[in-house]
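All chains are named by letter (A, B, ...) in the order of the sequence lines, taking the proteins before the strands, and each is independently numbered beginning at 1. Everything quoted here is computed from the prediction, not taken from an experiment.
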Number of protein chains: 2
Amino acid sequence: MSTQSRKQREIQEREQRILETAWPLLIEQGYLGLSMDRIAETLQYSKGTIYNHFSCKEEIIIALAIQTTEKRTRLFERAAAFRGTSRERIHAIGSAATIFVQLFPDHFKLEHIIRSSSIWEKTSEKRRTIMRSCERRCMGIVGGIVRDAIAHADLTLDDGIVPEDLVFGLWSISVGAFSIITTSDQLVELGIQEPFETYRQNVHRLLDGFGWRPLSADYDSVAVDDRIRAEVFPEEFRAISA
Amino acid sequence: MSTQSRKQREIQEREQRILETAWPLLIEQGYLGLSMDRIAETLQYSKGTIYNHFSCKEEIIIALAIQTTEKRTRLFERAAAFRGTSRERIHAIGSAATIFVQLFPDHFKLEHIIRSSSIWEKTSEKRRTIMRSCERRCMGIVGGIVRDAIAHADLTLDDGIVPEDLVFGLWSISVGAFSIITTSDQLVELGIQEPFETYRQNVHRLLDGFGWRPLSADYDSVAVDDRIRAEVFPEEFRAISA
DNA sequence: TGGAATTATTGACGTATCGTCAAAAAATGT
DNA sequence: ACATTTTTTGACGATACGTCAATAATTCCA
């Protein structure tokens, strides 16, 4: 019994160690830098053992992507639990998204890799389902705040507009901004000195455009951001600042 | 002389044929599907000859990306030349971006592939420079419209906000929306029935948030969109509808 | 506890692809 | 007609993927 559980635990832990070994290879050298042989060599296991855990390279990649995506989802959940006006809560989501990118600047590299059709299609349906459900959960959280805002009359959507449309807008602007930030090497030359700050402001413009109260003009969004970072994400904030 | 030019021309044309052969391989099977051997086999040349044109796989990929990016830039230039209010002209840019995605739905796959660090870093500085200059040109076009809007008092930016901030917002929301549209397989399940339409509306909300006149409420953006498609992009519009 | 049954591990193997380079072929110039 | 330059070729070495039969370790049960 105890022997079994020891072995079982060893196998379990190995899975995590494989992922930890894979991460820097993938981040530093991309898809091609991740080699099953090198993982095996590093961990002193034979290749076959690695394949016992992950049936192909792509499975390792999506497993890593799931880990970071789940971390983001948890940040979103904490942000949504912030006690404040609907506008402050949606603001907290923006802060969570930004903190996530700053804590895991490499996540978007992964996201790019995993979305390549050649990679995505080789992953198992099981893991793809997990990814999709993370995506749905994130959208659900944001959608919930939008609905709350409507319920509290902070926001009124025009006819034919559903909460998901707004969520899609926030999702788009965030994915786009962070993609650009993490892949463009000439933002400063293009006139974007502080991309994260610009992102934050643009999100507010978008919310203003939907008429979400209180509008930017009415409150000091920098102060709100500080408060959220201090109250909701004190630890993460310290990690970023350090 | 005539023999030389014939040979020269043959070599020139071959380059394009290589790219045409590479495109479907890359789109259908991703980075891994693109094989130098297969290109050589298909075109009945030896591998060495292919390598005379492109020093590595990645050069082929970026060459393809440059071709589509240049097409987009030309669409943007035509959109910017639209004679109308600043708001209509920026609207035309949005239409151009949408038309581009619909004409070249696979471009974003390429964009994803090329942005992978492992690929990007293997490309030649020469071609990277071309890509960057395309990017700058696109931003410049949009920035010019923003400046015109300010000059015509259609738009007033708050202190500390520069035109590039707004451009970054439009860029983000577009890149994000199209990335999501081309890679997510559950948009409908997530409640986004007509992503392109939602994108268009979100862009307007963002512009409204910046106070760009006339605001959405004041005019029929669907009519403007129809007019732009008919006047500026009649041919492309037909191609999409067909 | 000892040995059968099950499970986990190993690493050589077949296949595929990359990018190179010396030799062969073709084109060009005199 | 022959020398020089340019282009093409494909065999080659290197690397990596994923498989699988053989081996080792572990578990189970009498």
Side-chain angles (χ1 to χ4, degrees), chain A residues 1-18 21-22 24-26 28-64 113-114 116 118-124 127, chain B residues 1-18 21-22 24-26 28-63 113 116 118-124 127:
Chain A
M1 246 347 148
S2 93
T3 317
Q4 181 193 38
S5 78
R6 184 165 63 81
K7 181 70 182 171
Q8 293 295 328
R9 201 172 56 237
E10 190 195 316
I11 293 177
Q12 280 264 275
E13 285 168 3
R14 188 162 57 215
E15 193 139 323
Q16 187 53 39
R17 286 185 36 225
I18 293 173
T21 309
L25 296 177
L26 192 58
E28 278 155 36
Q29 314 225 44
Y31 176 78
L32 297 175
L34 179 65
S35 131
M36 300 302 258
D37 294 75
R38 212 175 314 171
I39 292 174
E41 195 189 7
T42 304
L43 292 177
Q44 313 248 50
Y45 285 109
S46 82
K47 210 156 36 141
T49 300
I50 309 296
Y51 275 93
N52 271 357
H53 291 273
F54 301 96
S55 65
C56 62
K57 259 175 93 158
E58 288 73 15
E59 278 289 286
I60 293 186
I61 299 175
I62 194 173
L64 286 169
I113 294 171
I114 198 75
S116 298
S118 57
I119 313 278
W120 182 253
E121 278 151 21
K122 283 185 189 146
T123 57
S124 64
R127 286 205 164 90
Chain B
M1 248 350 147
S2 91
T3 319
Q4 182 195 36
S5 77
R6 183 165 63 81
K7 181 70 182 171
Q8 293 294 331
R9 201 173 55 238
E10 189 195 317
I11 292 177
Q12 280 264 276
E13 285 169 1
R14 189 163 55 215
E15 193 138 323
Q16 187 53 39
R17 282 179 47 219
I18 292 173
T21 309
L25 295 177
L26 193 57
E28 278 156 35
Q29 313 226 44
Y31 176 79
L32 297 175
L34 179 64
S35 132
M36 299 304 257
D37 294 74
R38 211 175 314 172
I39 293 173
E41 196 189 8
T42 305
L43 292 177
Q44 311 248 51
Y45 285 109
S46 82
K47 210 158 34 143
T49 300
I50 310 296
Y51 275 93
N52 273 355
H53 290 273
F54 300 96
S55 64
C56 61
K57 259 174 93 160
E58 287 74 14
E59 279 288 286
I60 293 185
I61 299 175
I62 193 173
I113 294 172
S116 298
S118 57
I119 313 275
W120 182 253
E121 278 151 22
K122 283 186 190 147
T123 58
S124 64
R127 284 205 166 90

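Distance CD1 (A:Ile11) to P (D:dT27): 9 Å, rounded to an integer number of Å. As rounded to whole Å, 16 Å separates atom P of D:dT15 from atom CG of A:Leu25. Here D:dC17 presents its C1' atom at 12 Å from CD1 of A:Ile39, a figure rounded to the nearest Å. Spacing between atom CD of B:Glu10 and atom P of D:dT6 amounts to 17 Å, rounded to whole angstrom units. Regarding B:Glu15, its CD atom lies at a distance of 15 Å from the C1' atom of D:dT7, rounded to whole Å. In this structure, B:His53 atom NE2 and D:dT6 atom P are separated by 16 Å, rounded to whole Å. A straight line from OH of B:Tyr51 to P of D:dA11 spans 16 Å, rounded to a whole angstrom. In this structure, B:Ile50 places its CD1 atom 15 Å from P of C:dT20, rounding to the nearest Å.
Heavy-atom contacts from other residues, nucleotides or ligands closer than 6.0 Å to CD of A:Gln16 number more than 12. Within a 6.0 Å radius of CD in A:Gln12, other residues, nucleotides and ligands contribute 12 heavy atoms or fewer.
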Quick one, give me the B/S/- string for nucleotides 11-17 of chain C, reading 5' to 3', where B means a protein heavy atom under 4.0 Å from the base and S means that only happens at the primed atoms, P, OP1 or OP2. B-----S
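Distance alone, capped at 3.5 Å, places no donor-acceptor pair between the B:Lys122 side chain and the B:Lys57 backbone. Between the side chain of B:Lys47 and the main chain of B:Ala40, no donor-acceptor pair closer than 3.5 Å is present. Although no hydrogens or angles enter the test, the distance criterion places no donor-acceptor pair under 3.5 Å between the side chain of A:Ser116 and the main chain of A:Ser118.
Minimum atom distance to the side chain of B:Cys56 is reached by C:dG19, of the listed D:dG18, D:dT7, C:dG19. The A:Asn52 side chain lies nearest to C:dA8 when the options are D:dC17, C:dA8, D:dT7.
Taking CD1 of B:Ile18 as the reference point, atom CD1 of B:Ile50 lies at 4.0 Å (rounded to 0.5 Å).
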